[in-house]
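Throughout, a chain's letter reflects where its sequence line sits, starting with A, and its residues are numbered from 1. Just so it is clear, the model here is predicted, and its values are computed rather than measured.
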There are 2 protein chains.
Amino acid sequence: MSPRADAVRNRAKILEVAARVFAERGAAASTEQVAAEAGVAIGTVFRHFPTKADLLAAIMKDTLAALATRAAAPQATLAGVFTDLVASAADRRSVIDLLPGLEVAEALAQFRAVVADLLTRAQAAGEVRASIGVDEVMALLVALCQGALRGGWSPTLQRDTLAIVLDGLSYPGRSMAEAEG
Amino acid sequence: MSPRADAVRNRAKILEVAARVFAERGAAASTEQVAAEAGVAIGTVFRHFPTKADLLAAIMKDTLAALATRAAAPQATLAGVFTDLVASAADRRSVIDLLPGLEVAEALAQFRAVVADLLTRAQAAGEVRASIGVDEVMALLVALCQGALRGGWSPTLQRDTLAIVLDGLSYPGRSMAEAEG
DNA sequence: TGACAAAGTGAGTCTCGACTCATAATTTAC
DNA sequence: GTAAATTATGAGTCGAGACTCACTTTGTCA
């Protein structure tokens with residue numbers, strides 16, 4: 001027997017609303033808020049997602065999958081992914097707190113793989129220097145998103161900080177970092 | 001009459017312990033934890049800091065002041081400040097959550113002024129391109145700290161991401177950011 | 001040393017949020 | 001249309017943590 005129609009509808013509605021609520025009010029927003037805004041009883045939320053952590057993980061998984069899909073498009077570029085991500089973080093539409101090690105590993109790995117591909121292509125095109133690895137790129141991506149999210153970066157600030165980081169990715173060498181102890 | 005000696009001692013002890021506890025376990029650590037580790041009763045903590053937010057604000061204020069002092073040293077450089085901050089964030093020794101608008105404004109402004117000075121000098125020395133402003137530098141600083149804090153960056157990753165960003169600060173132009181819509 | 005005010009104590013209150021479960025309402029299968 | 005199973009409901013439980021306060025202890029000053 002397939003799942004009941006109302007169950008499917010409610011699950012989708014809860015996920016959609018929860019993503020918005022947690023993005024707006026932070027992961028500390030209560031499950032009751034989510035239930036109220038989704039128009040269901042709190043018990044319904046817990047039937048679909050036995051734990052608040054499960055709900056957050058489901059959202060992260062969806063978000064990462066959507067990002068991976070967008071980044072896997074033929075015309076996608078590394079710079080484009082950075083721009084998109086930072087904009088959506090500043091907008092509080094995605095990228096909740098990274099809850100370490102919670103069922104999201106697989107989705108994260110997939111996204112990472114797509115970024116790795118974009119990086120390779122950018123390097124082949126001479127847009128990014130060869131010495132840079134995926135780890136650094138992912139780290140910078142997360143850092144910029146956290147900054148944009150918590151700092152509420154304006155579009156101008158997003159553009160300017162991104163320009164700096166992207167330039168750093170392409171710059172030939174002479175890192176200032178060597179210049180100090 | 002000057003304040004009692006034990007009161008002064010306890011206040012200092014609480015601040016010291018609280019900074020460590022919140023850095024290690026996050027701002028969600030309970031006030032009881034702090035009291036226990038400081039060896040005082042919970043009422044004592046609340047006597048000195050009527051609210052948990054007051055305690056966090058006091059810590060942030062101290063931290064920012066210490067940072068400003070270190071960054072104001074004659075031999076300090078912009079690259080050095082970036083390196084120090086990211087290392088201490090990764091180490092969870094400072095930089096708690098930025099609680100928006102809470103008595104920290106003044107301390108933040110002071111730190112920002114010191115960074116502005118370092119930036120001006122770096123630009124005069126030709127180490128950073130002239131088009132960059134303090135806002136971008138502060139934004140990148142916060143972003144990198146958040147990333148290092150939540151991502152638990154290894155020393156290697158700290159060095160590599162920092163090198164990229166610092167290179168971006170000095171790079172002459174040709175931002176990749178223009179290359180997409 | 002005595003007296004008093006400042007500071008310390010910690011059990012208790014209060015609020016809030018995660019999670020449960022007995023019961024009611026729906027949906028589906030036939 | 002009806003039975004049976006699935007799902008929805010929401011008041012209630014439970015625990016945690018911020019904060020209070022009546023009372024005790026301690027430091028200070030004369």
What about R4(B), does its side chain sit under 3.5 Å from the base of dA6(C) through a donor-acceptor pair?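 Between dA6(C) and R4(B), which were checked side chain against base, a qualifying N/O pair under 3.5 Å is present.
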Check every strand shown and say whether T44(B) touches a base, only sugar-phosphate, or nothing at a heavy-atom separation below 4.0 Å. base
Is it true that, when you exclude K52(A) itself, more than 12 heavy atoms of the residues, nucleotides or ligands shown sit nearer than 6.0 Å to its NZ?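 More than 12 within 6.0 Å, yes.
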Looking at E32(B), I want to see if its CD is surrounded by more than 12 non-hydrogen atoms of other residues, nucleotides or ligands under 6.0 Å. no
Within the pair [X] and [N], is there a side-chain N or O less than 4.0 Å away from OP1 or OP2?
X: T31(A); N: dG17(C); answer: no
X: H48(A); N: dT7(D); answer: no
X: N10(A); N: dT7(D); answer: no

Pick the closest DNA chain C nucleotide for R11(B) and for I42(B) by heavy atoms, then say which residue is nearer the 5' end.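 It is R11(B) whose nearest nucleotide is closer to the 5' end.
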By nearest nucleotide on DNA chain C, pick out whichever of A7(B) and E32(B) is the more 5' one. A7(B)
Whole angstrom value for the distance that separates [atom2] of [N] from [atom1] of [X]:
X: K13(A); N: dA8(D); atom1: NZ; atom2: C1'; value: 16 Å
X: Q33(A); N: dA18(C); atom1: CD; atom2: C1'; value: 14 Å
X: F46(B); N: dG12(C); atom1: CZ; atom2: C1'; value: 14 Å

Just checking, any donor-acceptor pair under 3.5 angstrom between side chains of Q33(B) and R25(B)? yes
Which nucleotide sits closest to the side chain of S30(B): dT9(C), dC19(C), dG17(D)? dG17(D)
Using heavy-atom distances to pick each residue's nearest nucleotide on DNA chain D, tell me which of D6(A) and A5(B) is more 5'.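 The answer here is D6(A).
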Whichever of R47(B) and T51(B) has its nearest DNA chain D nucleotide further upstream toward 5':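 Its nearest nucleotide lies further toward 5', so the answer is T51(B).
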Taking D6(B) first and then R11(B), would you say they form a salt bridge - that is, a charged N and a carboxylate O separated by under 4.0 Å?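 No.
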